[in-house]
There are 2 protein chains.
Amino acid sequence: MRVLVARCEIAYEGRLVTRLAPGDRVILFKGDGSVAVHNTKGAKPVNYMAGPTVVEEDGAVIRVRRAQSGELLTILLESIHADARHELEDGAALERDGRELQLHALIAQAPDLVEPGLVVVQRERPTDVGPIDFFCRDAAGTVTLLEVKRVKAVAAAVEQVVRYREQVERDPACVPVRAVVVAPEFAPQARALAATRGVECIVLDVAALRAGVAPALRLFDG
Amino acid sequence: MRVLVARCEIAYEGRLVTRLAPGDRVILFKGDGSVAVHNTKGAKPVNYMAGPTVVEEDGAVIRVRRAQSGELLTILLESIHADARHELEDGAALERDGRELQLHALIAQAPDLVEPGLVVVQRERPTDVGPIDFFCRDAAGTVTLLEVKRVKAVAAAVEQVVRYREQVERDPACVPVRAVVVAPEFAPQARALAATRGVECIVLDVAALRAGVAPALRLFDG
DNA sequence: ATATACATGTCGAGG
DNA sequence: CCTCGACGTGTATAT
């Protein structure tokens with residue numbers, strides 16, 4: 001990894017064109033060909049390029065090309081504050097916990113906490129228009145479809161579950177079908193659309209769900 | 001800006017929980033409190049935190065806290081390869097050129113290239129469920145709504161224009177209403193849904209559109 | 001390889 | 001401040 005600290009001007013040409021007037025930046029050139037340009041603010045790079053690339057240094061100009069897409073990142077150096085190379089070893093991969101899949105696992109463990117009497121029949125049930133998160137039956141035995149959102153549900157989530165319902169309703173054995181969006185929060189448009197489409201909104205308290213699942217079961221999360 | 005190159009282990013707790021086993025990384029601590037952790041691969045940081053933060057160094061442990069959201073990034077140092085501070089000055093902002101807006105401009109210049117005889121009545125026409133990209137009339141005078149996608153259109157785009165159509169159809173003077181998605185490419189699910197919803201898909205050749213607009217007009221792109 | 005949906009998405013415009 | 005849709009989205013997963 002090369003860590004270059006320099007005053008420079010930057011241009012990018014790809015799907016769009018960007019220009020960054022002269023300023024001091026930290027530029028990382030990685031072994032896989034990727035490049036990240038950091039300015040003095042913000043956690044994410046202001047400019048970047050994914051690998052693999054060809055890096056071509058020509059005096060004060062560094063050109064980073066990506067042949068596949070025809071992208072070009074041009075760095076015009078004005079002055080160099082530091083320029084170091086480091087041999088870095090890192091075989092670790094980022095482990096994540098708390099994504100939508102894990103939320104699904106919690107619901108599968110404790111569907112009662114979504115609605116009393118709810119029973120999960122099938123997870124990720126495929127349809128022509130995409131997979132249904134949960135195909136369930138409620139306490140009365142009515143087919144109930146759940147669309148789960150980890151963050152705030154928007155109108156698109158409501159439309160998604162409506163599409164699923166249309167698919168499932170083609171099977172007369174299933175009707176009537178309840179369509180439900182489960183999320184910690186709902187955008188107003190999502191609630192409004194749900195009302196017109198006959199879709200139910202269930203607010204999910206994720207903390208309560210986690211607490212409600214027995215510790216012994218939670219061991220299997222990861 | 002502090003540039004720390006070190007072998008370390010990293011934990012993040014916030015909207016989700018992540019862990020990164022020991023390895024060599026480059027960590028940037030910026031003046032605005034943001035932190036970026038880069039591993040040996042990829043243009044984007046593997047872990048990060050937006051500012052403002054409080055950074056607390058306690059021997060081999062660095063804790064970065066964000067009070068607002070309760071996020072915590074913990075860096076457990078094993079060995080330090082380099083640790084430098086740089087006074088950086090950068091007042092420049094990233095300038096961009098070439099987003100969806102420009103595609104809209106091209107269509108507004110040459111609606112004939114979307115469909116012969118098409119006339120744009122209004123751009124970004126507001127409705128209760130969001131703005132319609134283009135409110136048009138076709139060669140026969142029929143109201144025609146365009147939803148434009150710069151990249152591949154998915155099912156959500158079809159549903160978007162269906163919602164707009166429902167709104168417009170409330171005005172009897174407008175019916176019948178054509179609903180059209182315009183994109184360079186369509187996902188199969190989008191085409192399938194469009195068929196069931198009576199929505200038309202028009203494939204847009206952006207290169208041809210650019211070529212079809214006179215050079216004198218194209219000067220006004222930027 | 002293609003298609004699909006998730007993401008610590010992140011960002012910016014508009015009400 | 002909240003809501004919403006675009007993004008150089010990127011990335012993982014299933015087909």
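Protein chains get the first letters and strands the later ones, always in sequence-line order, with residue 1 at the start of each.
Atom-to-atom, CD of A:Gln68 to C1' of D:dG8 comes out at 14 Å; the value is rounded to the nearest Å. Here the C1' atom of nucleotide D:dA6 and the CG atom of A:Leu16 are 12 Å apart, to the nearest Å. Remark: P of D:dG10 and CG of A:Asn47 are 13 Å apart, rounded to the nearest angstrom. To the nearest angstrom, C1' of C:dA7 lies 14 Å from CG of A:Leu103. Taking atom CD of B:Glu124 as the reference point, atom P of C:dG12 lies 18 Å away to the nearest angstrom. In this entry the distance linking CZ of B:Arg65 with C1' of C:dT8 reads 18 Å, nearest Å. What separates CD of B:Glu95 from P of D:dG8 is a distance of 15 Å, to the nearest Å. Atom CZ of B:Arg191 and atom C1' of C:dT4 are 17 Å apart (whole Å).
Applying the salt bridge (charged side-chain N to carboxylate O under 4.0 Å, His left out) test to residues at least two apart or on different chains, the pairs with a partner in residues 149-164 of chain A are A:Glu147-A:Lys149, A:Glu159-B:Arg163, A:Arg163-B:Glu159. The side chain to side chain donor-acceptor pair (under 3.5 Å) pairs that include a residue from residues 41-54 of chain A are A:Thr18-A:Asn47, where partners are two or more places apart or lie in different chains.
Residue B:Gln189 has a polar side-chain atom (N or O) positioned under 4.0 Å from OP1 or OP2 of C:dA5. At the phosphate of C:dT10, OP1 or OP2 sits under 4.0 Å from a side-chain N or O atom of B:Tyr48. Taking side-chain N and O atoms only, B:Arg19 has no distance below 4.0 Å to OP1 or OP2 of C:dT8. Residue A:Arg96 has no polar side-chain atom (N or O) positioned under 4.0 Å from OP1 or OP2 of C:dC6.
Residues from residues 143-154 of chain A with heavy atoms under 4.0 angstrom of DNA chain D, sorted by number: A:Lys152. For DNA chain C, the residues of residues 181-188 of chain B within the heavy-atom distance limit of 4.0 Å (strictly under) are B:Ala187, B:Pro188, sorted by number.
B:Asp24 places a side-chain N or O within 3.5 Å of a backbone atom of A:Glu89 that can act as its donor or acceptor partner.
For the side chain to side chain donor-acceptor pair (under 3.5 Å) test, no residue two or more places apart in sequence or in another chain qualifies with B:Glu95. Here B:Glu166 pairs with A:Arg197 under the side chain to side chain donor-acceptor pair (under 3.5 Å) rule; sequence neighbours left out. For the side chain to side chain donor-acceptor pair (under 3.5 Å) test, residues two or more places apart in sequence or in another chain that qualify with A:Asp32 are A:Ser34. With sequence neighbours left out, B:Arg178 forms a salt bridge (charged side-chain N to carboxylate O under 4.0 Å, His left out) with B:Glu115, B:Asp138, B:Glu200.
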Can you give me every donor-acceptor pair (side chain of residues 9-17 of chain B, partner residue at least two apart or in another chain, under 3.5 Å) with its distance?
unit_1  : atom_1 : unit_2  : atom_2 : d
B:Glu9  : OE2    : B:Arg19 : NH1    : 2.4
B:Tyr12 : OH     : B:Glu71 : OE2    : 2.5

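A:Glu71 contributes a side-chain N or O that forms a donor-acceptor pair with the base of D:dG8 under 3.5 Å.
Taking the side chain of A:Lys44 as heavy atoms from C-beta on, and the options C:dA7, C:dG9, C:dA5, the nearest nucleotide is C:dG9. When distances run from any side-chain atom of A:Arg99 to the nucleotides C:dT10, C:dA7, D:dG8, the shortest one goes to C:dA7.
Geometrically, A:Arg123 does not engage A:Phe134 in a cation-pi contact, judged by NZ or CZ lying under 6.0 Å from the ring centre and within 45° of the ring axis.
The P atoms of C:dT4 and C:dT8 are separated by 22 Å, rounded to the nearest whole Å. Comparing the same atom, P, in D:dG8 and in D:dC4 gives a spacing of 22 Å after rounding to whole Å.
Partner of B:Asp90 under the side chain to side chain donor-acceptor pair (under 3.5 Å) criterion, chosen from A:His38, A:Arg25, A:Arg7: A:Arg25.
As judged by a 4.0 angstrom heavy-atom cut-off over every strand, B:Met49 is placed among residues making no nucleic acid contact.
Across the interface with DNA chain D, nearest-nucleotide mapping of A:Leu73 and A:Ala155 shows A:Ala155 to be the residue nearer the 5′ end.
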